[in-house]
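All values derive from a computational prediction rather than experimental measurement. Computed from heavy atoms alone, side chains included, the values below leave out hydrogens, waters and symmetry copies.
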Amino acid sequence: MILDEGVSMPAVRLDGTVAAVTGAGRGLGFAYAAALAAAGAAVVVNDVDEQVAKEAVSRIEEAGGTAMPYAAAIGTTEAAEGLVDTAVQSYGRLDTLVTNAGILRDKVLWKMSDDDFDAVVQVHLRGTFTCARAAVQHMRERGAGGRLVLVGSPAGQRGNFGQTNYAAAKAGIAAMVRTWSMECAKAGITVNGIVPVAATAMTATIPAFAPHVQAWEQRGEPLPSWLRAGEGFGTPEDAAGLVVFLASAAAQDVTSQCIGIGGDKLTLWSHPQEITTALRSGGWDAAAIAESWATTVGREAQTVGIPAPVVPEG
C-alpha cells in the first residue's frame, strides 16, 4: 500500500506525558527522544556518557523541548531504578519507556569470547528487562497505564552473520514483547517492539549503503529512493514517528506487535507460528521423517539472514 505524503493529518501530541529513552545521546535514540519532546513529552535522556547526555538535552531544549539527562550504563537493576526515579522525581511520573541502549561485539561463533557475548546480552537483553521491570512497577502502582517501546532489529527476526550475541538478544526482546503484552494488559500498559533500519554508525559500514550515508551525513544529500522505499532504509528521524505514535493515545489499542520502520517503509513482522503439519499414526521415528521430509514439512523450509541490498544498475 502506498500513501500520498501530501495528505494532511492531525498532529499526534504527547502533552503532559513523561518518557524515558535509553541510549539516547546519539543516533536513533536521540531521534526518538527529540521527537517525543517535540510532541510535548518531558523526556529523560539516558546515555552512558554524561557529557553526551547533557549535550543531547541541550539540543532538545534549544528546539523548545523539555528534557533531563541521566547518565548510566544500562543493564543493572540500579541503573534501571535510577532511570525511573529520575523521571518520577523530575516530572512526577513515567508514561513511556523506550529501551534503545545497545552495543555491538560482532564476531563469528568460533571467535566470539564469553565477554563478547555477555557484554551485548547485558546491555540489550538484561537492560531491556531491568528497565521495563522498573517502569512497569511504577506504572502499575500509579494505576494510569503506560507504554513500553522495545527496540529490536532485523537481526533478531532473521539472524545475521557474525552477530550471535546481538541477534540472540534482539530475538529475546521480541519474545519479551509478546510475553509482557499479556502480563501488562490488565494494567493498561501496552508493549510493542520496533524494528528500525536507519543510517547509523553500524549500517554505515555496509558497502552498498556507505557512500549514500556519507553523502547524507557530510553534505546533506537525501538518501536515494531505492534505499528509502526499496530497502526501507532512511535517517534516524524517519524512524522516530513510530515511537511517538506508540506513545500516544492513538495507539492505545496497539500491543504485542513488532513493527518495522525505515525510510518510506512501514511494516509489520509476523509472530512465529506453525506453517505446515504432517501427521503419522503412531508417531515419527527417524526413518519415517527421513522418508517423508522432502514431501511434507520440508517443502516449507524457511530462509534465514538479512537479504543483501539490491543496488540498481547504473
So with a 6.0 Å cut-off around [atom1] of [X], is the heavy-atom count from everything else above 12?
| X | atom1 | result |
| --- | --- | --- |
| R93 | CZ | yes |
| D285 | CG | yes |
| E50 | CD | no |
| E217 | CD | yes |

* **Gap between atom CD of Q163 and atom CG of L109 - 0.5 Å precision** =>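 Taking CG in L109 and CD in Q163, the distance rounds to 13.5 Å.
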* Nearest-0.5 Å distance, OG1 of residue T99 to CD1 of residue I194 -> 8.5 Å
* To do: Have a look at D116 and tell me which of K107, K111, R105 forms a side-chain hydrogen bond (donor to acceptor under 3.5 Å, both in side chains) with it.
  => K107
Is there side-chain contact between [X] and [Y], with heavy atoms separated by less than 4.5 Å?
| X | Y | result |
| --- | --- | --- |
| L227 | W216 | no |
| L268 | Q257 | yes |
| T303 | R158 | yes |

* To do: Please identify each residue that fulfils salt bridge (charged side-chain N to carboxylate O under 4.0 Å, His left out) with R13, with sequence neighbours left out.
  =>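 If we apply the salt bridge (charged side-chain N to carboxylate O under 4.0 Å, His left out) test to R13, skipping adjacent residues, the hits are D15.
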* **I289: hydrophobic cluster co-members (side-chain, 4.5 Å)** =>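 Members alongside I289: W284, W293, V297.
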Counting N and O atoms only, with roles assigned by atom type, does the side chain of [X] sit under 3.5 Å from a partner on the main chain of [Y], one being a donor and the other an acceptor?
| X | Y | answer |
| --- | --- | --- |
| D47 | G23 | no |
| T22 | A101 | yes |
| S90 | A87 | no |
| D238 | F233 | no |

* Asked: Given V120 and L104, is the side-chain contact (heavy atoms from CB on, under 4.5 Å) satisfied, shown in steps?
  -> CA-CA 6 Å; V120 170; L104 293 177; 5.7 Å; no
* Asked: Would T96 and T17 satisfy side-chain contact (heavy atoms from CB on, under 4.5 Å), going step by step from the backbone distance to the final call?
  -> CA-CA 8 Å; T96 299; T17 68; 5.6 Å; no
* Is there a side-chain contact (heavy atoms from CB on, under 4.5 Å) between V44 and L94 once you walk through the steps? -> CA-CA 9 Å; V44 177; L94 177 63; 6.0 Å; no
* Asked: With distance as the sole criterion, is a donor-acceptor pair present between the side chains of R133 and T77 under 3.5 Å?
  ->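 The answer is yes; a qualifying pair exists.
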* To do: Please lay out, stage by stage, how R59 and E55 fare under the test salt bridge (Lys or Arg N to Asp or Glu O under 4.0 Å).
  => CA-CA 6 Å; R59 291 170 63 189; E55 290 172 357; over 6 Å; no
* Asked: In terms of ring plane angle, is the pair F209 and W226 parallel, tilted or perpendicular, where the classes change at 30° and 60°?
  ->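 Tilted: the ring planes of F209 and W226 meet at 30° to 60°.
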* Asked: How are the rings of H124 and Y166 set to each other: parallel, tilted or perpendicular (split at 30° and 60°)?
  -> perpendicular
* Salt bridge or not for D49 and R26, using N-O below 4.0 Å? -> no
* R126: partners by side-chain hydrogen bond (donor to acceptor under 3.5 Å, both in side chains), with sequence neighbours left out ->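 Result, side-chain hydrogen bond (donor to acceptor under 3.5 Å, both in side chains) vs R126: none returned.
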